[in-house]
Number of protein chains: 2
Amino acid sequence: MKVTLKQVAQAAGVHYSTVASILNNARGNSRFSEQTLHRVKSVAQQLGYVANLDAQRLKTNRTMTIGFAAGDIRNPFFAELSIALEAKLLTLGYELLLASHAQSNPVEDAQRIQKLVGRSVDAMIVWTEEQDTITPQQIQQQRGKVVWLGWCEGGCYQVHLDVQAGLKQVAQHLVSEGHQSVGFYGPQSFAHPTPTRRQVLFEMIAKHHQLHPISLLHTGQSWDIQTATRCGKQAWQAVKQNGLTAVVAYNDVAAMGLLLSRPAKSKSIPVIGFDGTPLLKSWQPAITYVSFSIDQMVDAVTELALHAAQNKRPPRKQYLHQIEPLLVV
Amino acid sequence: MKVTLKQVAQAAGVHYSTVASILNNARGNSRFSEQTLHRVKSVAQQLGYVANLDAQRLKTNRTMTIGFAAGDIRNPFFAELSIALEAKLLTLGYELLLASHAQSNPVEDAQRIQKLVGRSVDAMIVWTEEQDTITPQQIQQQRGKVVWLGWCEGGCYQVHLDVQAGLKQVAQHLVSEGHQSVGFYGPQSFAHPTPTRRQVLFEMIAKHHQLHPISLLHTGQSWDIQTATRCGKQAWQAVKQNGLTAVVAYNDVAAMGLLLSRPAKSKSIPVIGFDGTPLLKSWQPAITYVSFSIDQMVDAVTELALHAAQNKRPPRKQYLHQIEPLLVV
DNA sequence: TTGAAAGCGCTAACAG
DNA sequence: CTGTTAGCGCTTTCAA
């Protein structure tokens with residue numbers, strides 16, 4: 001059974017509030033005699049006392065935990081991001097509670113988000129890009145405690161990935177290389193038939209640069225490498241039929257699917273990656289991709305999350321970070 | 001601020017324990033008048049009442065949460081496993097608390113594990129394979145509440161991945177294909193200079209099959225595809241120098257590193273994958289790999305975890321599941 | 001330097 | 001059908 005303060009107190013022959021101060025309170029260490037201090041600590045050690053987090057939180061209403069409603073961690077981008085974020089928060093004395101939400105099943109998604117909302121976290125970071133993945137209503141309750149990451153139209157804390165700028169750089173690069181018609185390869189949006197935001201942006205930007213964009217879609221989710229690869233064959237046929245000379249991927253997963261399914265005769269047609277996840281960075285032969293710095297994202301998001309966590313009242317001011325993309329050629 | 005039972009009660013003009021029964025207790029719904037039921041519910045809705053989990057847990061000592069101390073989720077194997085496990089537990093009314101432990105930093109690792117130990121979970125699932133990644137002492141306290149996954153020498157709940165059988169199948173397959181000297185490519189163990197368990201097993205098994213195994217190591221962690229790729233070049237040189245005709249990978253990450261760094265002139269030398277993660281399954285041209293069924297693992301581990309969660313006393317009996325590998329050629 | 005006591009929000013047994 | 005009550009384990013203020 002769990003060892004409680006009282007048991008330690010009894011064994012050490014002091015009042016349990018004394019034990020509490022000594023073990024779980026920073027300034028307790030200077031208030032007691034050397035002897036008591038030592039006896040209590042060693043007894044606690046022996047008995048294997050571990051503070052009951054639930055009780056602590058109930059009492060203090062602080063959790064030292066930041067929730068992260070991330071995209072599916074099977075997408076390496078989110079795996080990277082989560083780990084980096086967790087590491088950063090850990091150095092600041094905070095824990096990360098991860099609610100990776102597969103975008104495959106709205107019911108499960110809702111449950112996962114609810115997990116963060118219902119649980120007390122000092123602040124939560126929520127990934128959004130598409131309109132439909134997360135309903136802001138679920139999160140309304142957490143007024144001022146939400147940091148939006150990715151793309152969002154409301155909320156006082158936002159870290160915005162400038163996807164548009166990334167796609168623009170890609171378009172310019174393609175134009176400068178003499179391409180005239182290019183493909184876009186990515187997942188269908190969950191809320192079919194609405195196309196994904198990246199797709200819409202790319203079509204718009206490409207047209208603006210006199211490229212003739214043609215969108216090719218796979219039927220899997222954005223993390224689903226197997227479907228991305230399977231559907232790749234058809235995509236390559238379409239590439240050929242339409243005389244496309246390059247393909248821009250929705251993300252690195254789509255890019256890898258395309259790379260794996262690329263027929264030998266299409267080897268000369270470049271695939272442009274999007275995210276800069278480690279595997280794609282290591283790809284041989286090296287490919288061109290848009291990269292967002294994980295470190296920048298983590299720093300920005302951490303700053304805002306801690307601000308949100310530490311300020312009781314939602315701020316008037318809007319805090320907005322912009323993460324700029326880098327085109328790696 | 002948070003809305004509590006008392007506030008709802010006051011607004012609805014009933015005692016707060018009535019509200020509690022109605023909202024948070026399954027059998028409350030039949031005990032009260034239609035009118036009260038309805039009024040309380042709608043008031044709660046309006047006020048946005050959400051039960052305080054910390055208080056519930058403190059009181060009931062049940063959390064409906066299973067902890068999972070997994071390996072690093074940047075390794076796609078663990079990303080897959082975590083997601084599958086979470087989905088399964090969700091259908092059973094349980095939540096998964098993920099503590100992905102990077103094997104890169106013993107201090108962080110300890111903190112992550114502590115996160116599960118300190119937090120009250122009804123049971124925890126702990127991945128282990130190497131001796132040194134997790135200190136069983138940290139977990140001793142949770143007697144009878146721990147399901148060991150991977151490989152472990154103690155504990156009453158165990159799900160054992162038969163790595164040995166997998167490597168044996170690989171060895172037999174290689175022998176049948178006429179290979180005589182083969183390489184093994186994987187990470188150095190964290191606790192250098194102890195080699196990893198898979199390496200030791202492979203060397204043993206290969207020798208037993210009259211293969212001449214040579215181990216080539218990369219300096220990264222088991223999830224680190226970039227290092228695996230970077231060190232791949234040297235590995236391939238060693239392959240050439242030693243006249244090896246095939247290489248067995250520690251895991252899929254190592255395999256992919258090797259595949260990406262494989263020089264054109266070595267294209268005929270097969271790389272054997274180990275785990276069967278989606279990307280490797282999709283690889284073109286297809287490669288041979290050992291696969292462990294995620295579903296089997298999830299089912300086994302879930303069964304044991306729920307048993308552990310629901311039985312107060314640690315069982316006398318030992319519960320042991322064996323997960324058999326499948327060689328996919 | 002240490003102890004006493006109130007109470008965080010909730011559950012569950014019991015009383016009315 | 002509904003209210004009362006005792007506490008879960010802890011923090012924190014105040015008193016001794």
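Reminder, nothing fancy here: chain letters follow the sequence lines and each chain counts from 1.
- Ring planes of B/Tyr319 and B/His307: tilted class, angle from 30 to 60°.
- One cannot find a donor-acceptor pair under 3.5 Å joining the base of C/dG9 and the side-chain atoms of B/Lys59.
- Atoms NE2 (A/His15) and C1' (D/dA15) sit 13 Å apart, rounded to a whole Å.
- Computed from coordinates, the B/Asn61 CG to D/dC8 P distance equals 11 Å when rounded to whole Å.
- Considering every non-hydrogen atom in both A/Ser100 and A/Asp72, the closest pair reads OG-CA, 3.4 Å.
- For B/Leu5 and C/dT11, the CG to P distance is 6 Å, given to the nearest whole Å.
- OP1 or OP2 of C/dT11 lies within a sub-4.0 Å distance of a side-chain N or O belonging to B/Asn24.
- Salt bridge status for A/Asp122 with A/Arg62: absent, with no side-chain N to carboxylate O gap under 4.0 Å.
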Please walk me through it: do B/Phe68 and B/Trp127 pass ring-ring contact (aromatic ring centres under 6.0 Å, His included)? CA-CA 8 Å; B/Phe68 181 29; B/Trp127 169 266; 8.2 Å; no
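- Here D/dT2 presents its P atom at 11 Å from CD of B/Glu34, a figure rounded to the nearest Å.
- Here C/dT11 presents its C1' atom at 13 Å from CG of B/Leu23, a figure rounded to the nearest Å.
- Look at B/Arg62 and you'll find a side-chain N or O under 4.0 angstrom from OP1 or OP2 of C/dA12.
- Between the CD atom of B/Gln10 and the C1' atom of C/dG9 there is a distance of 15 Å, rounded to whole Å.
- Between A/Thr36 and B/Leu58, it is A/Thr36 whose nearest contact on DNA chain C lies nearer the 5' terminus.
- Here B/Asp54 lies out of heavy-atom contact (under 4.0 Å) with every strand.
- The NE2-C1' distance, from A/His38 to C/dT1, rounds to 18 Å in whole Å.
- Look at B/Tyr16 and you won't find any side-chain N or O under 4.0 angstrom from OP1 or OP2 of D/dT5.
- Listed pair B/Ser33 / D/dT2 meets the phosphate criterion, a side-chain N or O lying under 4.0 Å from OP1 or OP2.
- Remark: B/Gln56 is not in phosphate contact with C/dC10, judged by side-chain N or O atoms under 4.0 Å from OP1 or OP2.
- Summarising the geometry, the separation between NZ on B/Lys6 and P on C/dC10 is reported as 9 Å, rounded to the nearest angstrom.
- Among the protein residues, B/Ser17 comes within range of the nucleic acid bases, having at least one heavy atom under 4.0 Å from a base atom.
- Contact annotation: B/Thr60 side-chain N/O to C/dT11 OP1/OP2 distance is not under 4.0 Å.
- Each of D/dG9, D/dC1, D/dT4 was ranked by its minimum atom distance to the side chain of B/Phe32; first place goes to D/dC1.
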Dump the intermediate steps for side chain to side chain donor-acceptor pair (under 3.5 Å) on B/Ser222 and B/Asn75, then the final yes or no. CA-CA 7 Å; B/Ser222 57; B/Asn75 179 345; 4.6 Å; no
